[in-house]
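Structure, as structure tokens:
All ligand and atom numbering here is 1-based and tracks the order in the structure.
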Amino acid sequence: MPLPQVVAVAEHSPAERYGVWPGDELRSMNGQVPRDVIEYQLLADDSIVELEVVRGGVELEVTVVKQAGEPLGLEISAAIFDRVRTCDNHCEFCFIYQLPKGLRRNLYVKDDDYRLSFLYGNFTTLTRFTEIDLERVVDQRLSPLYVSIHATDPDVRSAMLRNRRGAISLRWLRCLLDRGIEVHGQVVVCPGVNDAAVLHGTLAGVLDRFPELVTVAIVPLGVSRHSKERTMRPHTTTEARLTVETVHEWQERFGRALGRKVVWASDEYYLLAGLPFPEPDEYEGFPQHENGVGMVRCFEQAFEAGGSQREDAVGVPARTGFFAWVEGAPAEGYRAPRTSRVTIAARPSASARDVPITILTGGYGSAVLRPLLDRHGFEKVRVLPVANEFFGGNIAVAGLITGADLARTLAEEPPGGRYLLPDVCLSKGRFIDGPSLDDLPLAVEVVGTDGASLRKLLEAAQ
Ligand code: SF4
């Protein structure tokens with residue numbers, strides 16, 4: 001396996017004091033070879049850490065003495081040092097099969113690795129999970145994990161995953177729950193496959209077999225124009241409504257049986273169905289915010305608070321999880337930093353205050369933003385939905401806006417205005433299809449996706 005590399009050493013850290021350099025490759029720690037940043041972190045917590053590193057082809061030993069639990073001060077090149085475990089499924093609805101050719105290589109990685117589930121909240125189907133994995137998860141308390149359920153009927157699940165192991169791999173979910181591991185679930189709903197009666201059966205199966213699941217998110221499939229699956233199609237409005245109704249019905253049943261709602265429909269469903277979003281306090285703390293459940297309500301709350309309160313004071317979940325405390329590795333390739341060019345709201349000169357502002361976003365973002373801006377006195381701010389011709393189909397989320405679509409949209413716009421873009425469109429400063437901000441025909445300002453950043457910027461511009 002390639003050795004993980006030190007990409008940065010924190011100033012005045014124990015690692016710097018004892019002479020670890022950026023560029024060093026990490027061979028072992030206290031005689032053990034860490035397989036990922038989770039094991040790295042556990043080994044780095046010791047008070048004496050004997051590092052075996054390779055520098056310019058030469059092996060060196062560095063012994064770091066520090067307080068137990070004190071960070072070593074290293075940033076490592078990747079989170080998984082051996083190989084990311086890829087999935088052996090071939091789901092009809094898989095978005096990776098719907099990507100056009102020629103995008104960044106890591107976008108085509110079909111990971112199904114419980115470590116990435118723990119680290120980043122990626123969903124795993126457990127079809128490649130083993131007894132050894134279970135032991136490790138339990139020993140190291142890798143909790144919470146995120147599991148794709150899709151259907152509790154074994155035949156439907158194996159057909160959806162196109163993998164016969166899909167019929168039996170939820171037994172691992174039972175094992176995880178039996179051992180006290182917290183698990184969140186997800187059902188990607190494909191109309192005509194696992195909606196309607198099948199979805200009712202799945203939620204009955206959750207209540208019957210997996211009642212310890214903390215939450216289950218119900219999300220619609222995405223269909224791009226590159227899909228080759230004839231049976232995969234977007235939901236109709238009626239189907240979206242029925243799905244939301246099913247979720248509400250089961251929230252009541254779960255509430256009566258377990259005292260909590262458990263299941264939520266993603267925001268996209270409410271937009272598709274033309275139904276109002278649930279009130280913020282109905283989300284029980286937004287546990288599946290990262291999966292698009294309650295994001296709109298969080299955004300609205302933060303926007304309304306105008307950034308004058310702390311995020312968690314308005315119910316927006318601060319990003320928790322492993323990377324809240326790990327020092328080891330950036331979320332390279334999975335949750336990469338958006339960009340370093342996020343606009344900081346500053347009060348502009350009087351002349352700059354007359355400059356028209358346009359917010360560029362996807363179709364869904366536009367549907368949410370327009371009424372919100374109007375309600376708060378920002379009627380003059382324009383919202384411009386960027387049609388997603390690159391992916392086509394029913395893709396309307398801001399996170400999948402491509403550089404090509406944005407360039408086409410901006411080419412029709414007059415210069416001299418301020419154009420704002422949510423940071424979710426970028427990963428490490430690049431759009432999903434490769435271009436960067438510098439490749440656009442007009443200058444755009446990148447704004448943090450929390451509502452507070454946008455509100456501050458708009459207020460400063462008035
Ligand atoms: S499990 Fe996920 S990555 Fe694998 S084929 Fe299905 S949708 Fe794609």
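- Between D139 and R136 there is no salt bridge, since no side-chain N of the basic residue sits under 4.0 Å from a carboxylate O of the acidic one.
- The pair R297-E304 fails the salt-bridge criterion, with no side-chain N (NZ, NE, NH1 or NH2) lying under 4.0 Å from an Asp/Glu carboxylate O.
- If you number the atoms of ligand 1 from 1 as listed, the ones under 4.0 Å from a heavy atom of T125 come out as 1 (S).
- Among the backbone and side-chain atoms of C87, an N, O or S atom lies under 2.8 Å from atom 4 (Fe) of ligand 1.
- Side-chain N/O atoms of Y97 and H90 include a donor and acceptor closer than 3.5 Å.
- Looking at atom 1 (S) of ligand 1, its nearest protein heavy atom turns out to be N89 ND2, 3.3 Å.
- R162 has a carboxylate O that lies under 4.0 Å from a charged side-chain N of E229, or vice versa, which qualifies the two as a salt bridge.
- Taking backbone and side chain together, C94 holds no N, O or S atom under 2.8 Å from atom 6 (Fe) of ligand 1.
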Might you work through the ring-ring contact (aromatic ring centres under 6.0 Å, His included) test for H289 and Y283, ending with a clear yes or no?
-> CA-CA 9 Å; H289 174 270; Y283 282 102; 9.6 Å; no

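- Not close to ligand 1: D112, with no non-hydrogen atom less than 4.0 angstrom away.
- Distance check on atom 7 (S) of ligand 1: some protein heavy atom falls below the 4.0 Å cut-off.
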